[in-house]
Every structure is written in C-alpha cells, then in structure tokens.
Amino acid sequence: MKISFGARYINSIPVLKKVGSDYKKQEISFVELDMEDARDMNSLNKTNDKWGEESYLSIAKECMEQGAKDAKRHLYMATEQADSFECLDEKKVLGAVVFDEGKRENHIELLQVEPNNLARNTKSAKWRRVGTSIVNNLQQMFSAKPMTVFSAGDAIGFYKKTGFVEDNDKKSGLAYVWNA
C-alpha cells in the first residue's frame with residue numbers, strides 16, 4: 001500500500017511579479033506532482049480547466065500516464081503557493097513541465113506557462129520569467145547530461161535565450177539541445 005501526501009516541494013525559483021507599474025523579484029515554489037495521488041490529479045485537472053482552451057495540461061496528463069511505469073518521468077509545477085502542497089490551488093499555478101530523465105540525455109516533453117502570463121501578454125501579465133525560471137531550475141537540477149526539447153515554432157526564441165542550440169544530429173528545425 002502506497003501512502004501519498006500530494007505534491008512534493010522541490011525548491012524555490014525566482015520570477016518577477018507586477019507590483020504597481022513595476023516588476024519585483026519574488027520566489028515561488030517548484031513542486032513535483034504524484035500521479036498516484038488523487039488530489040494532485042484533481043489539481044492538474046482543475047488547472048487545465050482554469051487555463052481553458054489554450055491549456056496543454058491534458059497532454060501533460062497523457063504524457064504522465066504513458067510514462068507511469070517509468071519512474072524517471074516527472075510532472076513539475078511552479079506555484080505561488082508557499083505551503084499546503086497536498087492540495088494545490090489551481091488559481092496559484094503559474095507553470096507546468098513534463099520532464100524525462102534519460103540514460104544519455106534528459107528531455108522536456110512539455111512546458112507551459114499560465115496563458116495570461118505568456119510573453120506575448122507582456123502588458124497585462126501579472127508574472128514574468130516563469131518559463132525561464134522553470135527551465136533554468138531544470139538546468140541546475142539536471143546539469144550532468146544534455147537536455148533536449150522539440151520546440152513549437154513560436155517558442156524557438158525562448159529556448160535559444162535559455163541556452164539551447166539547434167540539435168544538428170536530429171535533422172529537424174525544431175530539435176534543440178542544451179549542454180551538449
């Protein structure tokens with residue numbers, strides 16, 4: 001019998017929060033969800049619903065279910081919540097990433113920032129640098145091996161800014177690698 005306690009706190013990551021007309025540095029929580037915990041899956045579903053039609057979190061759930069037997073697949077979330085991670089508040093989730101630890105390389109399966117806080121919404125965004133902080137944190141946590149991603153066309157600039165370069169071995173204009 002497995003005893004689950006919900007999302008597990010990993011560390012804090014720095015982002016920018018809008019305060020008046022300026023942005024101030026603030027630490028938010030980086031947590032790992034447990035696919036076997038009903039509350040975590042409920043939080044994932046509620047976050048997916050809150051993010052609406054721009055959400056890719058249903059794909060995140062599918063990725064996790066497909067890799068459920070692989071203990072090296074992780075679902076991380078960035079949240080402004082500071083405690084009580086056993087019950088994540090979907091209104092406070094700012095980003096999510098499905099991440100695979102491979103034998104030779106690690107892979108970002110899916111990365112999404114809460115749609116209202118995307119870079120294209122810079123004038124109305126309450127939070128900035130969420131995606132960058134997630135990627136930088138993964139780079140620090142898993143720096144021993146290269147990290148790959150198959151980028152969406154409109155995210156190539158983002159990945160280049162976080163240190164990824166085109167992966168010439170993959171012969172695809174959307175394959176990028178960091179720390180090769």
Side-chain angles (χ1 to χ4, degrees), residues 4-64 73-101 106 108-143 147 149 151-152 154-155 157-159 161-163 178:
S4 293
F5 298 101
R8 178 177 65 97
Y9 175 82
I10 304 296
N11 58 14
S12 293
I13 60 175
V15 296
L16 298 175
K17 181 179 182 181
K18 193 169 195 172
V19 179
S21 60
D22 293 327
Y23 284 87
K24 305 281 185 197
K25 183 179 173 184
Q26 181 168 328
E27 298 286 323
I28 62 171
S29 302
F30 191 71
V31 300
E32 182 173 9
L33 274 67
D34 181 349
M35 286 296 295
E36 294 184 30
D37 186 278
R39 291 175 296 194
D40 281 1
M41 292 306 93
N42 188 41
S43 295
L44 177 62
N45 291 331
K46 285 182 174 182
T47 303
N48 184 51
D49 291 344
K50 181 189 176 295
W51 289 5
E53 61 187 44
E54 290 188 66
S55 178
Y56 298 113
L57 295 183
S58 60
I59 297 170
K61 186 175 180 181
E62 289 175 26
C63 288
M64 291 304 295
R73 184 169 280 183
H74 307 278
L75 174 56
Y76 296 112
M77 286 193 161
T79 177
E80 61 181 299
Q81 197 166 322
D83 56 19
S84 303
F85 300 119
E86 68 278 357
C87 189
L88 288 178
D89 182 348
E90 70 277 3
K91 295 177 203 93
K92 294 185 178 191
V93 175
L94 301 175
V97 61
V98 176
F99 184 80
D100 290 323
E101 284 184 76
N106 298 313
I108 295 174
E109 192 78 32
L110 177 139
L111 171 67
Q112 185 172 13
V113 170
E114 193 274 329
N116 291 328
N117 292 298
L118 293 171
R120 68 176 178 250
N121 298 328
T122 54
K123 292 185 179 177
S124 62
K126 180 179 175 186
W127 298 91
R128 286 189 178 168
R129 300 191 49 83
V130 174
T132 301
S133 289
I134 290 171
V135 170
N136 289 342
N137 194 48
L138 291 172
Q139 290 168 333
Q140 289 174 357
M141 290 172 61
F142 300 98
S143 62
M147 186 180 304
V149 66
S151 177
D154 62 350
F158 165 79
Y159 284 109
K161 285 180 187 175
T162 57
W178 171 82

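Here, residue 1 is the first one in the sequence, and each next residue gets the next number.
Looking at heavy atoms from C-beta onward, W178 lies in side-chain contact with Q139 at the 4.5 angstrom threshold. Between D40 and L75, every side-chain heavy-atom pair lies at or beyond the 4.5 Å cut-off. The closest side-chain heavy-atom distance from I108 to M147 is below 4.5 Å. Within the 4.5 Å cutoff, the side chain of R8 has no heavy atoms near those of the F85 side chain. At least one side-chain heavy atom of L44 sits less than 4.5 Å from a side-chain heavy atom of M77.
The ring pair (Phe, Tyr, Trp, His ring centres under 6.0 Å) search around Y76 returns F30, H74, not counting sequence neighbours. For K92, there are no salt bridge (charged side-chain N to carboxylate O under 4.0 Å, His left out) partners at least two apart in sequence or on another chain.
Between the CG atom in D100 and the SG atom in C63 there is a gap of 8.0 Å [rounded to 0.5 Å].
Between the side chain of N137 and the backbone N or O of S133 there is no donor-acceptor pair closer than 3.5 Å. For the pair Q81 (side chain) and C87 (backbone), a donor-acceptor distance under 3.5 Å is present. Judged by distance alone, with hydrogens and angles left aside, the side-chain atoms of S29 form no donor-acceptor pair with the main-chain N or O of V31 at under 3.5 Å.
The side-chain contact (heavy atoms from CB on, under 4.5 Å) test with I59 is passed by exactly one of V98, L110, N48: L110.
Contact detail for T79 and I28: the closest heavy-atom pair is O-CB, 3.3 Å. Closest non-hydrogen pair, S151 versus Y159, comes out as OG-CD1, 3.5 Å.
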